[in-house]
Amino acid sequence: MMESEVFASFIFYSTVLIIKMYVLAIITGQVRLRKKAFANPEDALRNGGLQYHREDPDVERCRRAHRNDMENIFPFLFLGAIYSLLDPHPVVARIHFIIFCVGRIIHTVAYLLKLKAPTRSVAYSVAQLPCFSMALQILVAVIKFW
Amino acid sequence: MMESEVFASFIFYSTVLIIKMYVLAIITGQVRLRKKAFANPEDALRNGGLQYHREDPDVERCRRAHRNDMENIFPFLFLGAIYSLLDPHPVVARIHFIIFCVGRIIHTVAYLLKLKAPTRSVAYSVAQLPCFSMALQILVAVIKFW
Amino acid sequence: MMESEVFASFIFYSTVLIIKMYVLAIITGQVRLRKKAFANPEDALRNGGLQYHREDPDVERCRRAHRNDMENIFPFLFLGAIYSLLDPHPVVARIHFIIFCVGRIIHTVAYLLKLKAPTRSVAYSVAQLPCFSMALQILVAVIKFW
């Protein structure tokens, strides 16, 4: 499995995106500390007092970016793995993975840097194209098999 | 792997549910545009002004449906894949997958159409049954192997 | 696949954590009923009236714990599966899985019981260590293969 070129390429881009999500979680924690905005009273107490148990727009922005990642990167981990089993052309497969990976990285950057609309939505939509393509190819392959 | 009847059936229902989630994301975007309720100031600015940077109950409803999907469909993608490796009877396996798939589709419809309680909760609970069943069968198989 | 010791061990801890998440969802529902705090008007109507369509700090605490699980356990399901394919030493692999599993269980307990900070954050950080380790080992293996 690890010796398939397509699968190795899928693994690479998937792992990069998971690390990107971990980095986003770390950034969220740093913004919470810097803006002094904690979701839990016990965290606020440890960091200056209960008045810091509050919401902050920059923290919420990080959380929205992270949630959007979950909505989109997790399904990619599934679709990409199954798609890799369909024996697609390595170059075509890699184009799918790269478009998704770059689209999602731009999405996060656009979210955190508050880039002008519609940068973020365009990045989201472009990243969805390879996902729709893989989902359809998987359905066609399964239906053919039946 | 793709030539196993059980695995093919699992792939089919999983991919249908992922597409269902993608459609829910598109519906959320459409409701945001129609109700003029944007999570980010930069989106509101592009769509009429900062006064549209606000929450809306219909948008929040879509987001709750989507979040519930993540809480339940993503674990199914894992459990179903491992369960398929256990070589279950194809008919029994397919019953597991169909109950989950239909339950989750009814859950989304009940959420978006605000169907009377407890329609949505019943759909959720019924869809959890095959998940619990698969999780237990996986644990039994692993413990037997040890 | 099921006959690999590493993979069986991964499957065991993953399934335990998914069941842990299912239990958390059930607890959330019980807290909603006990505190009479429902996210949807249709649920409130069935449980005493629209005045119970409201937020509650204990419900929100459960939801934050669940969301943090999604952010961390779902990527583990992916990384752990790929890492198992890399043929790691069974003892080393099991140490990775156990640290993650125990860390995440302590995280949930610390969240729900409102344990003093930084118990929860320490559990989170310790559980991330095997994830970072697996992600790096996967990247190294893929890059070597190319």
Side-chain angles (χ1 to χ4, degrees), chain B residues 1 4 7 57-58 60-88 107 110-122 124-125 127-146, chain C residues 1-26 28-29 32-33 38-48 50 52-53 55 59 62-81 84 90 94 97:
Chain B
M1 213 166 187
S4 139
F7 199 69
D58 288 329
E60 293 310 306
R61 179 174 285 277
C62 293
R63 295 182 74 234
R64 285 196 299 277
H66 203 156
R67 180 177 157 150
N68 196 281
D69 273 351
M70 292 201 286
E71 290 174 359
N72 293 286
I73 294 177
F74 292 160
F76 171 82
L77 301 181
F78 181 82
L79 295 177
I82 305 300
Y83 170 70
S84 299
L85 296 176
L86 299 181
D87 207 22
H107 181 272
Y111 229 137
L112 296 190
L113 300 186
K114 308 176 192 180
L115 296 190
K116 229 181 125 191
T119 318
R120 195 193 75 243
S121 327
V122 169
Y124 160 81
S125 305
Q128 282 311 86
L129 296 178
C131 293
F132 279 113
S133 163
M134 292 190 298
L136 292 180
Q137 289 176 68
I138 291 168
L139 284 187
V140 168
V142 170
I143 289 163
K144 250 191 211 161
F145 165 74
W146 275 345
Chain C
M1 214 167 187
M2 291 302 288
E3 270 147 44
S4 139
E5 194 183 329
V6 171
F7 200 68
S9 156
F10 163 66
I11 296 298
F12 176 76
Y13 293 106
S14 300
T15 307
V16 165
L17 286 173
I18 288 177
I19 293 172
K20 190 208 74 53
M21 290 180 75
Y22 287 160
V23 171
L24 185 50
I26 293 169
T28 308
R32 281 199 184 282
L33 284 167
F38 301 99
N40 296 292
E42 61 268 30
D43 304 338
L45 269 177
R46 194 184 151 82
N47 286 284
L50 275 180
Y52 301 125
H53 174 217
E55 287 204 353
V59 172
C62 293
R63 296 182 72 234
R64 285 196 298 277
H66 203 156
R67 180 177 158 150
N68 196 281
D69 274 351
M70 292 202 286
E71 290 174 0
N72 293 287
I73 294 177
F74 292 160
F76 172 82
L77 301 180
F78 180 82
L79 294 178
S84 298
R94 179 165 286 201
F97 305 150

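Note on naming: letters A, B, ... go to the chains in the order of the sequence lines (proteins, then strands), and numbering restarts at 1 for each one.
- To the nearest 0.5 Å, atoms CD1 (B/Ile138) and CZ (C/Phe12) are separated by 12.5 Å.
- Looking only at heavy-atom pairs under 4.5 Å with chain B, the residue among C/Leu45, C/Leu77, C/Asn40 that has the most is C/Asn40.
- Shown here for C/Asp43 and B/Ala117, the closest heavy-atom pair between the two residues is OD1-CB, 4.0 Å.
- Proximity to chain B is limited to the side chain of C/Met70, based on heavy atoms less than 4.5 angstrom apart.
- Using a 4.5 Å cut-off between heavy atoms, B/Tyr83 does not touch chain C at all.
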- Task: Show the numbers, then the answer: is there a side chain to side chain contact (heavy atoms under 4.5 Å, CB included) between B/Arg67 and C/His66?
- Result: CA-CA 10 Å; B/Arg67 180 177 157 150; C/His66 203 156; 3.7 Å; yes
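- Contact annotation for C/Phe38: neither backbone nor side-chain heavy atoms come within less than 4.5 Å of a heavy atom of chain B.
- Among the candidates C/Phe74, C/Phe78, C/Tyr22, the residue making the largest number of heavy-atom pairs closer than 4.5 Å to chain B is C/Tyr22.
- A salt bridge does not link B/Glu71 to C/Arg63: none of the charged side-chain nitrogens sits closer than 4.0 Å to a carboxylate oxygen.
- Remark: C/Glu42 CD to B/Lys114 NZ distance equals 8.0 Å, nearest 0.5 Å.
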- Message: Determine whether B/Leu139 and C/Ile19 satisfy the following criterion, side chain to side chain contact (heavy atoms under 4.5 Å, CB included), listing intermediate values before the conclusion.
- Response: CA-CA 10 Å; B/Leu139 284 187; C/Ile19 293 172; 3.7 Å; yes
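- One distance of note links OG of C/Ser9 with CZ of B/Phe145; it measures 10.0 Å at 0.5 Å rounding.
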- Item | Stepwise side chain to side chain contact (heavy atoms under 4.5 Å, CB included) check, C/Thr15 with B/Leu79 | CA-CA 8 Å; C/Thr15 307; B/Leu79 295 177; 4.3 Å; yes
- Query: Could you walk me through whether B/Ile82 and C/Phe7 pass the side chain to side chain contact (heavy atoms under 4.5 Å, CB included) check?
  - Reply: CA-CA 11 Å; B/Ile82 305 300; C/Phe7 200 68; 4.2 Å; yes
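- In this structure, the side chains of C/Pro41 and B/Arg61 come closer than 4.5 Å at one or more pairs of heavy atoms.
- When heavy atoms are compared at a cutoff of 4.5 Å, B/Glu60 does not approach chain C at all.
- The parts of B/Pro118 that come within reach of chain C are both its backbone and its side chain, each placing non-hydrogen atoms under 4.5 angstrom from that chain.
- Expressed to the nearest 0.5 Å, how far SG of B/Cys131 lies from CD1 of C/Ile18 amounts to 9.0 Å.
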